[in-house]
Amino acid sequence: MNIPPFDSNGLLPPFIGTDATTADRSPYFVSIEELVVRFGTTSERQQLLRNLIDYRRILGGDGYTEGLQFIDGSFVEEIERIQGRPPNDIDVFSLLSAPQKYLSDPVAWQTSGIAFWKQEVIDRERNKLRLALDTYAILTQEMSLSMLVKDVIYWYGLFAHQRGTFAWKGFTIVPLDVAGDKAALATLGSA
């Protein structure tokens with residue numbers, strides 16, 4: 001699905017058209033390449049996208065290759081027109097499948113997996129400093145279906161509204177995709 005244009009408030013619309021019951025609605029499932037083409041419009045945005053792809057590379061380096069990322073915040077708003085500034089970061093909520101190496105070897109999870117998860121995947125302070133990403137994540141295998149649904153609904157509700165105004169808005173979901181990341185980097189070019 002294509003990412004729709006911003007509405008008159010500089011937000012992605014929560015749905016496309018005038019029928020609020022349409023299936024053409026947020027979250028907009030897109031590839032990383034579509035995200036780059038749509039939002040990589042300034043040098044600041046392009047750097048944030050490179051950072052997002054670097055984060056995805058870090059995840060993939062430890063075997064996190066299956067998952068979805070909710071992409072939100074001022075990055076998916078027309079913040080330059082709304083507030084006269086570039087986006088400061090990208091809000092990223094990742095729904096991740098645990099790497100097979102940890103599923104088949106619980107000792108590996110205890111000896112190295114937990115540390116990687118805490119230091120690389122969910123350390124918000126570190127990811128904010130090094131990548132300008134506000135990162136949150138859950139492992140889908142660690143949750144019951146009801147808790148997983150509860151978490152996804154929480155993040156959907158949070159991301160579907162603008163923080164300051166509470167205006168209903170759209171956001172995107174991007175699947176993890178190593179090949180797509182390489183193509184997106186080529187589209188972005190060098191910094």
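Since we're looking at a predicted model, the values are computed, not measured. Start at 1 with the first residue, then count along the sequence.
- Phe6 and Leu12 get closest at one heavy-atom pair: CD2-N, 3.9 Å.
- Of the residues listed (Trp155, Tyr136, Tyr154), the one engaging Phe93 in a ring-ring contact (aromatic ring centres under 6.0 Å, His included) is Trp155, and it is the only one.
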Test side chain to side chain contact (heavy atoms under 4.5 Å, CB included) applied to Ser94 and Val92, step by step: CA-CA 6 Å; Ser94 301; Val92 183; 3.7 Å; yes
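- Between Arg81 and Glu78 there is a salt bridge, with a side-chain nitrogen of the basic residue lying less than 4.0 Å from a carboxylate oxygen of the acidic one.
- Side-chain atoms of Arg45 come within 3.5 Å of backbone N or O of Phe75 as a donor-acceptor pair.
- Without hydrogens or angle criteria, Arg38 side chain to Glu33 main chain gives no donor-acceptor distance under 3.5 Å.
- In this structure, Asp24 CG and Ile16 CD1 are separated by 5.0 Å, a value rounded to the nearest 0.5 Å.
- Note that CE of Met147 is 5.0 Å distant from NZ of Lys150, once rounded to the nearest 0.5 Å.
- Nearest heavy-atom pair across Pro99 and Tyr64 is CD-CE2, 3.3 Å.
- Shown here for Gly170 and Ser26, the closest heavy-atom pair between the two residues is CA-OG, 3.2 Å.
- In this structure, Thr165 and Asn9 have side chains that are not in contact, with every pair of non-hydrogen atoms separated by 4.5 Å or more.
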Side chain to side chain contact (heavy atoms under 4.5 Å, CB included) between Asn2 and Glu34, intermediate numbers included: CA-CA 8 Å; Asn2 290 332; Glu34 290 170 299; 4.1 Å; yes
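- Between Asp62 and Ile58 the shortest side-chain heavy-atom distance does not fall below 4.5 Å.
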Stepwise ring pair (Phe, Tyr, Trp, His ring centres under 6.0 Å) test for Trp109 and Phe116: CA-CA 9 Å; Trp109 174 249; Phe116 182 89; 9.4 Å; no
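- Using modelled atom types, no side-chain atom of Arg56 and backbone atom of Asn51 make a donor-acceptor pair closer than 3.5 Å.
- Seen from the ring of Tyr55, Arg126 does not count as a face-on cation partner, given the 6.0 Å and 45° thresholds.
- A salt bridge does not link Arg85 with Glu80: every distance from a Lys NZ or Arg NE/NH1/NH2 to an Asp or Glu carboxylate oxygen is 4.0 Å or more.
- Here the side chain of Thr22 pairs no donor or acceptor atom with the backbone of Thr18 at under 3.5 angstrom.
- Of the candidates Thr140, Ile138, Val121, Leu68, Val121 is the only one forming a side-chain contact (heavy atoms from CB on, under 4.5 Å) with Leu96.
- By the 4.5 Å heavy-atom criterion applied to side chains, Leu11 and Gln162 are counted as neighbours.
- The nearest pair of heavy atoms linking Leu176 to Thr65 is CB-O, 3.7 Å.
- With rounding to the nearest 0.5 Å, the separation of CG in Asp89 from OG in Ser74 is 6.0 Å.
- Crowding of Lys182 atom NZ: a count of heavy atoms from other residues, nucleotides or ligands under 6.0 Å not exceeding 12.
- A donor-acceptor pair under 3.5 Å is formed between the side chain of Asp105 and the backbone N or O of Val107.
- Here Glu66 contributes atom CD and Gln100 contributes atom CD; the two are 9.0 Å apart, rounded to the nearest 0.5 Å.
- Side-chain contact between Lys118 and Asp123: absent, with no pair of heavy atoms (C-beta onward) separated by less than 4.5 Å.
- Linking ILVMFWY residues whenever their side-chain heavy atoms come closer than 4.5 Å, directly or via other members, leaves Leu145 and Leu95 in distinct clusters.
- Aromatic rings from Phe171 and Phe70 are positioned such that their centres are separated by under 6.0 Å.
- One finds the CG atom of Leu52 at 5.0 Å from the CD1 atom of Ile90 (value rounded to the nearest 0.5 Å).
- The hydrophobic cluster containing Ile114 also contains Leu139, counting ILVMFWY residues as joined when their side-chain heavy atoms lie under 4.5 angstrom apart, directly or transitively.
- Atom CD1 in Ile71 sits 6.5 Å away from atom CD1 in Ile32 (nearest 0.5 Å).
- You'll find the side chain of Val76 stays beyond 4.5 Å of the side chain of Asp91, heavy atoms only.
- The distance between the ring centers of Tyr102 and Trp117 does not fall below 6.0 angstrom.
- With hydrophobic clusters built from ILVMFWY side chains whose heavy atoms lie under 4.5 angstrom apart, Ile82 does not share a cluster with Phe39.
- Considering every non-hydrogen atom in both Phe166 and His161, the closest pair reads O-CD2, 3.4 Å.
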Derivation and outcome, side chain to side chain contact (heavy atoms under 4.5 Å, CB included), residues Val30 and Val174: CA-CA 5 Å; Val30 298; Val174 181; 3.9 Å; yes
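- Under 4.0 Å is where a charged nitrogen must lie from a carboxylate oxygen, and between Arg130 and Glu120 at least one such pair does.
- When every heavy atom of Ala98 is checked against every heavy atom of Leu103, the shortest pair comes out as O-CD1, 3.7 Å.
- Between Asp72 and Lys169 a salt bridge is recorded (basic side-chain N to carboxylate O distance below 4.0 Å).
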Side chain to side chain contact (heavy atoms under 4.5 Å, CB included) between Asp54 and Leu131, worked out: CA-CA 8 Å; Asp54 194 39; Leu131 298 168; 3.6 Å; yes
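- Asp134 has a carboxylate O that lies under 4.0 Å from a charged side-chain N of Arg124, or vice versa, which qualifies the two as a salt bridge.
- For Lys128, the NZ atom counts as densely surrounded, since its 6.0 Å shell holds more than 12 non-hydrogen atoms of other residues, nucleotides or ligands.
- Remark: side-chain polar atoms of Gln46 are paired, donor with acceptor, to backbone N or O of Gly40 under 3.5 angstrom.
- Under the 4.5 Å side-chain contact rule for hydrophobic residues, Leu158 and Leu148 share a cluster.
- Leu188 and Leu48 fall within a single hydrophobic cluster, where Ile, Leu, Val, Met, Phe, Trp and Tyr are joined by side-chain heavy atoms under 4.5 Å apart, directly or via other members.
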